[in-house]
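Everything on this sheet refers to the single structure shown next.
All of these numbers come straight from a predicted model, not from anything done at the bench. Values below: every heavy atom of this structure, side chains too, minus hydrogens, waters and symmetry copies.
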Amino acid sequence: MTAPIEIRPVVNVEGCKNFQELERWVWGTDDLDVVPIHVLITALKNGGGLLGAYAEDGPDATGRMVGAAFWWLGAGMDPRAPAADAGRGTGKLKACSHMVGVLPDWQGRHVGLRLKLAQRQAILEQGLTDWVTWTYDPLYRRNGVFNLHRLGATCSTYFRNVYGELNDDLNRGAPSDRCQVDWWIDSEHVARDLQPMRPQPAWQAANLQLLPVRENGRGLVEPVDAPVAPDGRPLAVPIPPEIGVIRQADPALGLAWRFALRAALETGFGAGYTLVDCVHLEGQGWRYILVRDFL
């Protein structure tokens, strides 16, 4: 029988040290990139938060912490504001969710979901904002499914190489392109997607604009180099099923996926589309779904 997992706030230096060790284990982070204690404490004392997921059989080195979520307060331009208001005081307070991670042995037990739900509750109880943002690498299909399909976050912002060259195990050797998602935690859209028996959107291939993809001679899925011209229908952008496998087998193909996804998402966002889902379409593989006029 697996030990129960408790989610609780980290409130002291010892808990911050445990989080630092968790960083090293989850992300393969070296000492230069571990979040310093003084930064963690300052964030916690100024409206941010750090939640730990603890299990009785968790590692001694992390103080039994098996997962964590870390965020702070920030500000940004409200993507829902009319374009004409850009630069006219449409800035909005938000929570910047910087890191959520779970140790490998505790993945698949809904720890990440519980951390995000606890984070949502903490931010709503704080009463300062209903907007949470974070970035993720859109090449990682599981993160796309979790952020968009499970949590109900959306995205209309793409950053090229936002962190520069990263040295951790997940990111080494590729531009650090990221999608910034918007999680409107008090919206009907999010409330619906968080329901255990939530209705599933019926994305039908016949009603979508499908960008092409193909399988190469080694059995790896690769993007097709073709112009992206959105025609008003929901746009179905292909993504690799397992980018880690592709990067190990063919680093050049991994980079090709980076640039193909960059072109498709930037073009879609520039044409007024919003990324709203990540699903597997029968006969078409894994796809991001972008729609017009969502906000």
Side-chain angles (χ1 to χ4, degrees), residues 48 69-100 116 119-120 123 129-166 170-171 174-187 189-190 193 209 211 228-230 232 234-239 243 257-279 286-295:
F70 172 49
W71 71 94
W72 58 79
L73 292 178
M77 302 305 294
D78 189 338
R80 302 172 302 180
D85 289 344
R88 299 183 183 177
T90 53
K92 179 179 171 66
L93 188 69
K94 65 176 182 175
C96 306
S97 182
H98 186 55
M99 304 174 85
V100 177
K116 293 301 291 185
Q119 180 190 53
R120 175 178 180 258
I123 294 168
T129 183
D130 63 348
W131 182 24
V132 185
T133 67
W134 64 90
T135 61
Y136 83 99
D137 187 340
L139 285 173
Y140 283 88
R141 183 258 307 170
R142 286 183 175 84
N143 290 346
V145 172
F146 182 67
N147 293 332
L148 304 167
H149 188 77
R150 187 65 190 89
L151 294 179
T154 60
C155 173
S156 57
T157 306
Y158 191 93
F159 294 122
R160 293 188 180 194
N161 202 28
V162 61
Y163 301 122
E165 219 173 295
L166 295 175
L170 295 178
N171 298 290
S176 58
D177 289 20
R178 296 293 185 268
C179 282
Q180 177 180 283
V181 299
D182 302 300
W183 199 28
W184 300 102
I185 56 176
D186 205 24
S187 67
H189 173 77
V190 167
D193 278 9
Q209 182 182 356
L211 298 190
V228 180
L235 188 63
V237 177
I239 59 175
I243 187 60
W257 270 110
R258 167 68 80 215
F259 297 134
L261 198 52
R262 175 192 287 180
L265 294 181
E266 286 185 338
T267 299
F269 295 158
Y273 284 68
T274 299
L275 176 56
V276 299
D277 210 348
C278 181
V279 294
W286 285 97
R287 298 276 174 160
Y288 280 133
I289 306 295
L290 291 83
V291 299
R292 289 264 332 223
D293 305 322
F294 176 78
L295 296 176

Trp71/Val100 under side-chain contact (heavy atoms from CB on, under 4.5 Å): CA gap, chis, key distance, verdict: CA-CA 9 Å; Trp71 71 94; Val100 177; over 6 Å; no
Measure the shortest side-chain to side-chain distance between [X] and [Y] over non-hydrogen atoms and say whether it is less than 4.5 angstrom.
X      : Y      : result
Ser176 : Phe159 : no
Leu290 : Leu265 : yes
Tyr273 : Thr267 : no
Leu148 : Tyr136 : yes
Asp130 : Lys92  : yes
Val132 : Arg120 : no
Val162 : Thr135 : no

Closest non-hydrogen atom pair between [X] and [Y], with its separation:
X      : Y      : answer
Ile289 : Pro234 : CG2-CB, 4.4 Å
Leu151 : Trp183 : O-NE1, 2.9 Å
Val291 : Val276 : CG2-CG1, 3.8 Å
Thr274 : Ser156 : OG1-CB, 4.4 Å
Ala264 : Val228 : CA-CG2, 4.0 Å

Backbone of [Y] reached by a side-chain donor or acceptor of [X] within 3.5 Å:
X      : Y      : answer
Thr157 : Gln180 : no
Asp177 : Asn161 : yes
Arg258 : Pro175 : yes
Arg141 : Cys278 : no
Tyr288 : Pro138 : yes

Full working for ring pair (Phe, Tyr, Trp, His ring centres under 6.0 Å) between Trp72 and His98: CA-CA 8 Å; Trp72 58 79; His98 186 55; 5.0 Å; yes
Evaluation steps, side-chain contact (heavy atoms from CB on, under 4.5 Å), between Leu211 and Arg287: CA-CA 9 Å; Leu211 298 190; Arg287 298 276 174 160; 4.3 Å; yes
Lys/Arg-Asp/Glu bridge criterion (N-O < 4.0 Å) met for Asp137, Arg178: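 Salt bridge flag = yes for Arg178 with Asp137.
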Nearest-0.5 Å distance that lies between atom [atom1] in [X] and atom [atom2] in [Y]:
X      : Y      : atom1 : atom2 : answer
Ser97  : Asn147 : OG    : CG    : 9.0 Å
Asp277 : Thr154 : CG    : OG1   : 11.5 Å
Phe70  : Met99  : CZ    : CE    : 8.5 Å
Trp286 : Arg142 : CH2   : CZ    : 9.0 Å
Asp78  : Trp184 : CG    : CH2   : 4.0 Å

Quiz item: cation-pi between Arg80 and Trp131, 6.0 Å / 45°: no
No-hydrogen, no-angle side-chain donor-acceptor test under 3.5 Å, Asp182 and Thr133: no
Lys116 vs Arg150, side-chain contact (heavy atoms from CB on, under 4.5 Å): CA-CA, chis, key distance, verdict: CA-CA 11 Å; Lys116 293 301 291 185; Arg150 187 65 190 89; over 6 Å; no
